[in-house]
Chemist: 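Let me begin by handing over the structure; questions about it come next.
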Protein chains: 2
Amino acid sequence: MYNMSETDTRSRLLWAAKELIWEYGVAATSPGMLLRRSGAGQGSLYHFFDGKAGWAREAIVAVAAELTAEADETLAGEPAGLPAIERYLQRPRNALLGCRLGRLAFDPDVIADDQLRAPIAGYFAHLRRLLAGAVRDAVRQGELPASTDARALAEALCAVVQGAYVTGRASDDAAAMRRATKAMRALLHAAGAGVGR
Amino acid sequence: MYNMSETDTRSRLLWAAKELIWEYGVAATSPGMLLRRSGAGQGSLYHFFDGKAGWAREAIVAVAAELTAEADETLAGEPAGLPAIERYLQRPRNALLGCRLGRLAFDPDVIADDQLRAPIAGYFAHLRRLLAGAVRDAVRQGELPASTDARALAEALCAVVQGAYVTGRASDDAAAMRRATKAMRALLHAAGAGVGR
DNA sequence: GTCTATAAGTGGATAGAC
DNA sequence: GTCTATCCACTTATAGAC
């Protein structure tokens with residue numbers, strides 16, 4: 001039987017770290033903010049984690065696991081190919097909150113510490129692999145031209161979502177995400193319309 | 001005749017602010033860093049600028065003007081339409097450095113101060129207008145389908161570039177930009193191939 | 001495990017001499 | 001205009017009692 005109270009305080013700290021990093025990034029999240037939001041005391045923080053890099057890394061790793069599971073769910077399901085790509089583009093997203101991992105790409109603390117950047121890189125690598133697979137399925141099913149560069153298109157699909165987070169937040173316009181992904185779907189359909197002729 | 005030494009010190013401070021904000025964002029750039037890089041003294045900083053929000057805003061406004069001029073040059077030139085869009089996508093960019101304005105979208109200081117966010121929003125609004133104009137030209141010239149939603153496609157074109165900065169930096173992979181924009185060009189050509197039949 | 005006390009360093013800004 | 005001295009708040013972390 002494990003110690004329940006330990007698990008609780010540690011979990012609360014990690015939950016608060018995930019929330020705060022989403023809202024403010026790593027560099028702008030301070031130990032004080034973490035203690036206030038979690039309700040834990042300073043002693044607990046340094047008991048459970050090895051400094052700021054410690055809890056930041058654990059939070060990022062946990063979020064990466066969550067987003068990876070979501071991506072698997074969306075893209076590995078049926079039907080495969082173009083419908084899977086459409087499911088990815090049409091996922092509900094709040095452009096103003098930002099991608100929980102993508103918004104960290106230019107965080108000074110993340111740039112300076114490869115231990116923090118690596119889980120983020122891993123998530124995007126996985127996402128691009130899934131998207132490239134969906135593109136190849138689409139080509140196989142005649143939904144996209146045979147000349148399609150799957151790796152490049154996967155990068156563009158990933159980028160258009162991440163970019164809409166950026167322009168949406170910069171312009172304080174949550175509709176940017178819907179517009180950008182709608183245009184992407186239209187392009188894919190128009191490109192696919194010419195196949196087989 | 002204006003005071004040359006004043007102009008010099010002020011210019012050096014502003015130049016340093018633009019550089020540092022590009023490298024670290026606003027929140028992570030401190031007065032101390034600014035003084036070290038510019039070589040100016042503390043007194044000069046507070047003589048010429050009204051606190052951090054002051055020099056940060058001036059730097060952002062200046063960068064927005066520079067990027068706006070670049071966009072005008074690229075997109076307003078000849079030939080118009082799809083070639084203009086291609087020129088935009090193929091501009092030389094360093095994905096690892098990031099967009100000088102887009103990288104600020106999730107900066108805590110920028111999010112918290114509309115005076116800092118407004119020039120960034122203005123730049124992106126201008127860029128989207130230019131891109132939407134190029135898309136309409138392309139439709140008129142038969143390079144894209146008549147059904148094309150110019151505003152949405154402009155958003156997607158803007159987003160794919162901004163997103164490639166994000167995934168490129170996160171994955172420490174400067175080639176992400178070339179891949180994403182290449183896929184976008186291929187999609188545009190494939191979509192345009194079906195026009196007029 | 002959790003608490004309070006503490007400390008060295010930095011961030012952002014002001015004061016006042018020159 | 002530019003300088004140095006100074007200030008308060010906060011960040012990150014450690015010490016040591018309970």
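Letters go in sequence order (proteins before strands), and every chain restarts at 1. Bear in mind the structure is a predicted one, so any value in this text is a computation, not a measurement.
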Chemist: Please list, by residue number, the residues of residues 51-62 of chain A whose heavy atoms come closer than 4.0 Å to an atom of DNA chain D; answer none if no residue qualifies.
Modeler: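 Gly51(A), Lys52(A), in order of number.
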Chemist: Considering only heavy atoms from C-beta outward, does the side chain of Asp50(B) approach that of Trp55(B) to under 4.5 Å?
Modeler: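 No - every pair of side-chain heavy atoms lies 4.5 Å or more apart.
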Chemist: Who passes side-chain contact (heavy atoms from CB on, under 4.5 Å) against Ala176(A), sequence neighbours left out?
Modeler: Thr167(A), Asp173(A), Arg179(A), Glu155(B)
Chemist: From CZ of Phe49(B) over to P of dT2(D), roughly how many Å is that when rounded to an integer?
Modeler: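 Distance, rounded to whole Å: 11 Å.
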Chemist: Say you draw a straight line from CG of Leu130(A) to OG1 of Thr74(A); how long is it, rounded to the nearest 0.5 Å?
Modeler: 9.5 Å
Chemist: Expressed in angstrom and rounded to an integer, what is the separation of Tyr46(B) atom OH from dA15(C) atom P?
Modeler: 12 Å
Chemist: From CG of Asp50(A) over to P of dT14(D), roughly how many Å is that when rounded to an integer?
Modeler: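 Asp50(A) atom CG is separated from dT14(D) atom P by 8 Å.
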Chemist: Who passes side-chain contact (heavy atoms from CB on, under 4.5 Å) against Glu143(A), sequence neighbours left out?
Modeler: Leu82(A), Pro83(A), Ala138(A), Gln141(A)
Chemist: Collect all protein-nucleotide pairs involving nucleotides 3-8 of chain C in which both atoms are nitrogen or oxygen and the distance is under 3.5 Å.
Modeler:
unit_1 : atom_1 : unit_2   : atom_2 : d
dC3(C) : OP2    : Gly41(A) : N      : 2.9

Chemist: Can you tell me if the side-chain N/O atoms of Thr9(A) get under 4.0 Å from OP1 or OP2 in dT2(C)?
Modeler: yes
Chemist: Pairs of donor and acceptor atoms involving the side chains of residues 63-70 of chain A, under 3.5 Å and at least two apart or interchain, shall be tabulated with distances.
Modeler:
unit_1   : atom_1 : unit_2    : atom_2 : d
Glu66(A) : OE1    : Arg100(A) : NH1    : 3.3
Glu66(A) : OE1    : Arg100(A) : NH2    : 2.9
Glu66(A) : OE2    : Lys18(A)  : NZ     : 2.7
Thr68(A) : OG1    : Ala64(A)  : O      : 2.7
Glu70(A) : OE1    : Arg91(A)  : NH2    : 3.3

Chemist: Between dG12(C), dT2(D), dT14(D), which nucleotide has the shortest distance from any of its atoms to the side chain of Pro31(B)?
Modeler: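 Output: dG12(C).
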Chemist: Quick one: Phe48(A) CZ to dA13(D) C1', roughly how many Å, whole number?
Modeler: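 Value for this atom pair: 18 Å.
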Chemist: What is the distance from CE of Met33(A) to P of dA13(D), rounded to the nearest Å?
Modeler: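 To the nearest whole Å, that distance equals 15 Å.
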Chemist: How long is the straight-line distance from CG of Leu131(B) back to CZ of Arg136(B), given to the nearest 0.5 Å?
Modeler: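 Arg136(B) CZ to Leu131(B) CG: 11.0 Å, rounded to 0.5 Å.
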Chemist: Under the rule for side-chain contact (heavy atoms from CB on, under 4.5 Å), what residues qualify as partners of Ala118(A), not counting sequence neighbours?
Modeler: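 Scan of Ala118(A) (side-chain contact (heavy atoms from CB on, under 4.5 Å), adjacent residues dropped) gives none.
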Chemist: Can we say Arg103(B) and Glu23(B) salt-bridge, meaning some charged N sits less than 4.0 Å from an Asp/Glu carboxylate O?
Modeler: no
Chemist: Indicate whether OP1 or OP2 belonging to dT11(D) is found under 4.0 Å from a side-chain N or O atom of Ser30(A).
Modeler: yes
Chemist: Could you state the NE2-P distance from His47(B) to dT4(D), rounded to the nearest angstrom?
Modeler: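 Computing the His47(B):NE2 to dT4(D):P distance gives 17 Å.
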Chemist: Find the distance Leu45(A):CG to dG1(C):C1' and express it as a whole number of Å.
Modeler: 13 Å
Chemist: Do NZ/NE/NH1/NH2 and the carboxylate oxygens of Lys52(B) and Asp109(B) come within less than 4.0 Å?
Modeler: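 Yes, this pair counts.
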Chemist: Find the distance Asp109(B):CG to dG11(C):P and express it as a whole number of Å.
Modeler: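 After rounding, the gap between these two atoms is 13 Å.
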